[in-house]
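What follows is one structure encoded as structure tokens, with my remarks underneath.
Just so it is clear, the structure is predicted and the values come from calculations on it, not from any experiment.
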Amino acid sequence: MAAVNTEQTFRAIQLDRPGWPHWLPLTRVLPNLVDEAARRLLPGYGDRLDARQRRRRAAWLELHTVGRPAR
């Protein structure tokens, strides 16, 4: 049986409670629903959405790998 994240569990492994950052992924629910509905209903929206996500991923990768040698 899997352990439940209770106060006792957090104390046992000496972790702080996650607090409000624990809920941050939920901020993406509404934008994701809008994008998915628009992708299904509007012709061409999927292509623009794909291009936008590719730019975001490329920017993230550039931010996190700048100045690091390739492995």
Among His64, Glu62, Arg56, which residue meets the side-chain contact (heavy atoms from CB on, under 4.5 Å) test with Trp60? His64
Gap between atom CG of Leu49 and atom CZ of Arg54 - 0.5 Å precision: 11.0 Å
Whether Asn32 side chain and Arg28 backbone form a donor-acceptor pair below 3.5 Å: yes
Salt-bridge present (Asp35, Arg39; N to O < 4.0 Å): no
A quick test of your reading: do over 12 heavy atoms of other residues, nucleotides or ligands sit less than 6.0 Å from CZ of Arg57? yes
Hydrophobic cluster membership, Trp23 vs Val29, 4.5 Å side-chain cutoff: yes
